[in-house]
Amino acid sequence: MTSCDAGCVLPANSFLPFCVDNLNKESLTLYVQMIKSKVDEEDYWHSSKFKAFTFDDEDDELSRLKESRQAVNNIRRLVEEDDDEDDVERVSWSGEPVGSISWSVKETAASSQRADREPAFPKISTDTPSISRSQSGYSLSSLFKGKPKVGNFQTFSDALTDSSVRLYAPELRKPKSEYKDYVSDWSPEETVQRLQQGKAVSLERFRTLQDKLLLLDHAIAAHDGNVITAVLIYLKRTLCKEVLFRELESRQTALRHFIHYLSETQNQRLLLELHRALGKAEDAALLQYKEHLSITDENKRRDFLKNCLSLPFSAEDLAHVQDHYTLLERQIIIEVTDRQAECGGKVEIFQKFPRKALILNMPLITTLYYCCFYHYAEPEGTFSSPLNIRQTFKISEKQYFVTALAARAKLKAWLDVDALFASRNWLGFTRKKSPLSFQRVVDILQKNSAPTHVLQDYVALVDDGELRLTLAQKHKCHDIVISTYRDMKDRQLLLGYRGKVVRGSAEERKIDDLLSNPQIRWKN
Amino acid sequence: MAHSARRDSPELPDFSILKRLARDQLIYLLEQLPGKKDLFIEADLMSPLDRIANVSTLKQHEVDKLYKVEHKPVISTSDQLCFLIRPRIQTVKWICDVVNTDKVPGKSRRYKIIFTPQKFYACEAVLEEQGIFGDVSIDEWPFYLLPLDDDIISLELPEFFQDNFLAGDQRWVRTAGSALHLLYSLYGPFSKVYGIGRCSKMAYESWREQVEEGEQKARQAEIGNVFLIDRDVDFVTPLCSQIVYEGLVDDIFRIKCGCVEFGPDVTASDKSVKVMLNSHDKVFSEIRNEHFSHVFGFLSQKARNLQTAYDKRQGMDIKQMKTFVSEELKGLKQEHRLLSLHIGASESIMKKKTKQDFQELLKTEHLLLEGFEIRECISYIEEHINRQVSMIESLRLLCLLSITENGLLPKDYRSLKAQYLQSYGVDHLLTFSNLRQLGLLVEQQPGETLTVMESKVGKLVNDKTAGKLTDAFSSLAKKSNFRALSRKLNLVPKTDEEYDLRVPRDMAYIFSGAYIPLSCKLIEQVLERDGWTGLEEVTRLLNGHEFAVTGSSGVDSRGKNDTQRIILVMFLGGCTYSEISALRFLGREKGYKFIVVTTAITNSSRLLEALLDNHV
């Protein structure tokens, strides 16, 4: 393969798609060029066990696929030739099963390609407290060992990377003593670095607490969450939880990784213990409360929520959880009664408006709406009475008003709607009062397709004249528009509006009457 | 359109090579499992995969059947199963179940897991725990970067946001560093790197280490400077309603991987249509960055032009007609199709927005940004909640209120929270706890008002408090200081001035002239000043973590002015289409070309949905 030889000026593995580390533009362009030159080689295609294929639309696709195919082919060749290239870092991409615990054994040669030039960009401080060696202390062995020499492992690792060898445990290949020396050679720093690079490394040598913590602190300093979690998994396995929790308390970054790991692996039990051990009772309570979401049976869920009431929530949250429990309890009762009423076929409203969904597990306001819809007139003593619900859950006047309004409007019960606004002053006159702006009232009514004659009453109550006019125009409340123009003595606008009403309608007549009324002094 | 574009903007590098690279890598991996195999693809990898390969590509490499990962028992009869997944523990657990189920009747198959963009030790630990380590082969597909358009590249990792900012898990830091390194290897060397945010700093470090580990040959740089920014530096911008066309389309129809599905209400037929939205769409590329109020006029003008072009047919002789059909008609038809789609979309947007009183909503947002009539805003939000208008929308307004006001008064917080839980369910207790942790929705602490006063006055806050912020917890749930920042950087233009949206004068046009996105303003300022000098007060208010570093190669490429004006902006935790539009505007004004790299495209809904915790 001649074109490949040209390519070999670069380290062979820079052709491997996986070595992003080494992948630079040159290698890629070269690699692409190389592919291009091969496209002509028809015999490649003839010798290939795969048939060439065609696309209906694009030739381009085909050539690109050819390239890919050849790229793959080239890579394979390069891999086979790899043996000659001792000084080249290898990355295990083949996915060979690597047998033993904690990614311990799979070994690749150390990078001998370390650039000895000045770093192009400077290091910046990343705020992690520098690791105090005195605090954790190196183990004796690492103190005496010094830096490992890369060359020492070369032959050994060569044997290991040989893709034809299936390696399950190094113990089988090397005498025990030698193996031990070999794995214990990595300092915490180097171990973290290798973990970061996805290279296999053993954590088993970190046995003293100091060693473990030193390793953890180096992982934290490297800012690589993947590595931090890897170390934490090892610590979880090799430290009792009391010690682990204690050490995590002073390492917030690691703690958060651990919490995330436990919640992802759904280790609820340990997570709760951790929160409690750290004195985060409220977090633990919330976490436990969350479990209710996975309980589908409503009675079991209710009982679970009842038990939650004894959890150490904040006073505020406890009140919410209490409400949650009370609400579900009540929904269960309402659901049973209403289902019977619906099946019995005797209650008119359920026949006219069959229920679309169960009321179980709905929010409080939805429940209130439901009760305003199906149980509006019930006396306050029943569980499903809107007034009772309002009382029990301390629903604000405005909130109650909005919900009742929407529900009654939906039923087109305009008398009920009207009654909601009724208020008597001390002289006994009724006037319409609303905790909600009338503009919003109109909006709610209109969304429930209230007829114009209903809308009109409420549009008229909008305080702001300009807004009232806009709303009246929008909702075709002609009377309001017409009388507003009359009050403004604006003949021109009135004339203009005449074109917008239905010809021959009462509104048109009204406009005509006004326009011909000699008593009005028009301003234009 | 009407922009006074500088003509000398440099050309963007060609990013299609990234797609080819990713595809070749995938094909190579598939070849590692020779013979027929069934491929299981993680649901959210389907769209990115579609952008770089198609089914026939996979079939050519002996993929027999394709399945979506659904966490259900598999029905495949193939004796080779390949799983293309994100490194997620739940997915790996499912695979373990599949393998262990096969083991019971002694069924023997070959399994391969391809993690993308990388594997995590935690996933391998699961394989080990479940006793199937060694039974499956593991590979990594370093598919870091997906070009969504000429100037947008996405990592397609939406979980980056919650993992990093909510959970405080730094698993994606190295991924971000590697993605940057890939760009550096192909289009570098960079001259300068600026950044702000904890994660940005760590990603920079990770990248720098990878540069040191690898080799770099001297080469003509295609990207000049780099700006890294954490999403939590600016939460205000992604929480605002988007009004620029592309952002609006994303808010309403949800653009997925550069592609949108328009439903029957847009297409005016009974079918839905999937449309790629990028610079190749001639109609879209002209309106994507425009304020929506501007779009209708443009589209109708375009429609008239099209009519004129069609009308040319009248009075043509046969020969002319032949040329017309062969040369122009196809283009016209294409344009016609696109035009009617975008008109349909605009109409649908109008309908939806008038229905929900968009004007009033925007008014409230603008008041919050300006800090006026906060009481009215609160009662607006309250009504929103009372009426059970969209759960996400209510949450968005609450968060916007909290960030702009530096937290809610305890009494307001309690009352709004209670009403929210009543309207949308008590389950949202967990959502509120998440929002508090992230600092998006908080109560003002007693004495906090004093601190706000102090920050207004200036340097009264001693440096010790700033120093304490390095603690992971406090920096994740930091104070926003939005008011002070807004004043310092003039983010909210004076209201008494008329703002002509047709001729935008600054980036505020993307929010109707009401607000210049903080993220983009920072970028503008740092590029202008060539660093953070003079912005000390601003960075202090943003809790620090700013940096500006020069590469050794930066000096010799000084002369190459064009490259210096190509700026790569990397958003860690997502960016919005509005921000991209703002940067495009800035680029046109100042002669830069921006390349936006983001962990994912985000918007207010996606951002908040990631924080909802009312489900299992």
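Below, chain A is the first sequence line, B the second, and so on; all start at residue 1.
Y289(A) touches chain B through its side chain: at least one heavy atom from C-beta onward sits under 4.5 Å away, while N, CA, C and O do not. Both the backbone and the side chain of L286(A) come within less than 4.5 Å of a heavy atom in chain B. At a 4.5 Å heavy-atom cutoff, the contact between R414(B) and chain A is made by backbone and side-chain atoms alike. When heavy atoms are compared at a cutoff of 4.5 Å, W207(B) approaches chain A solely by way of its side chain, counted from C-beta outward. Neither the backbone nor the side chain of A22(B) comes within contact range of chain A, judged by heavy atoms closer than 4.5 Å. Residue contact with chain A, scored on non-hydrogen atoms closer than 4.5 Å, involves the side chain of E129(B) exclusively. H260(A) touches chain B through its side chain: at least one heavy atom from C-beta onward sits under 4.5 Å away, while N, CA, C and O do not. Heavy-atom distances place both the backbone and the side chain of E264(A) under 4.5 Å from chain B.
Residues Q399(A) and S423(B) have side chains in contact (heavy-atom distance under 4.5 Å, counting atoms from C-beta outward). Under the 4.5 Å side-chain criterion, counting only non-hydrogen atoms from C-beta, Q118(B) is in contact with N226(A). Using a 4.5 Å heavy-atom cutoff, the side chains of K290(A) and D427(B) are not in contact. Looking only at side-chain heavy atoms (C-beta outward), I89(B) and Y261(A) come within less than 4.5 Å of each other. Contact of the D443(A) side chain with the R387(B) side chain is registered, since non-hydrogen atoms from C-beta on lie closer than 4.5 Å.
Heavy-atom pairs under 4.5 Å with chain A peak, among D163(B), V173(B), T175(B), at D163(B). The residue among D323(A), T229(A), I444(A) with the most heavy atom pairs within less than 4.5 Å of chain B is I444(A). When each of H428(B), E382(B), K417(B) is scored by its heavy-atom pairs under 4.5 Å with chain A, the top score falls to K417(B). Note on V126(B), L429(B), L421(B): by heavy-atom pairs under 4.5 Å with chain A, the leading option is L429(B).
Here D169(B) contributes atom CG and I228(A) contributes atom CD1; the two are 8.0 Å apart, rounded to the nearest 0.5 Å. Put simply, OH on Y204(B) and NZ on K123(A) are 10.5 Å apart, with the number rounded to the nearest 0.5 Å. To the nearest 0.5 angstrom, Q439(A) atom CD is 5.5 Å from E360(B) atom CD. Rounded to the nearest 0.5 angstrom, Y420(B) OH and H320(A) NE2 are separated by 13.0 Å. In this structure, the separation between CZ on F120(B) and CD1 on I233(A) is 11.5 Å, given to the nearest 0.5 Å. A distance of 7.0 Å separates CD1 of I365(A) from CG of N386(B), quoted to the nearest 0.5 Å.
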### Query
What do the steps show when you test Y121(B) against L195(A) for side chain to side chain contact (heavy atoms under 4.5 Å, CB included), and what is the final call?
CA-CA 9 Å; Y121(B) 290 105; L195(A) 280 169; 3.5 Å; yes
### Task
Run the numbers on E383(B) and K398(A) for salt bridge (charged side-chain N to carboxylate O under 4.0 Å, His left out), then give the verdict.
CA-CA 9 Å; E383(B) 265 177 31; K398(A) 192 168 169 181; 3.7 Å; yes
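With hydrogens and angles ignored, the 3.5 Å screen pairs a side-chain donor or acceptor of K93(B) with a backbone N or O of T265(A). The main-chain N or O of Q170(B) is found under 3.5 Å from a side-chain atom of H257(A) such that the two form a donor-acceptor pair. With hydrogens and angles ignored, the 3.5 Å screen pairs a side-chain donor or acceptor of R174(B) with a backbone N or O of Q196(A). Between the Q422(B) side chain and the L364(A) main chain, no donor and acceptor come within less than 3.5 Å of each other.
The two residues R440(A) and Y380(B) have their closest heavy-atom pair at NH2-CD1, 3.9 Å. Taking all atoms of both residues into account, the shortest heavy-atom contact from G425(B) to P363(A) is N-CB, 3.5 Å. Closest approach of F165(B) to R256(A), counting heavy atoms only: O-NH2, 4.3 Å.
For the residue pair Q197(A)/E213(B), the side-chain donor-acceptor check at 3.5 Å is satisfied. T366(A) and Q388(B) share a donor-acceptor pair across their side chains, judged by distance under 3.5 Å alone.
The number of heavy-atom neighbours closer than 6.0 Å to NZ of K59(B), taken from other residues, nucleotides and ligands shown, is above 12.
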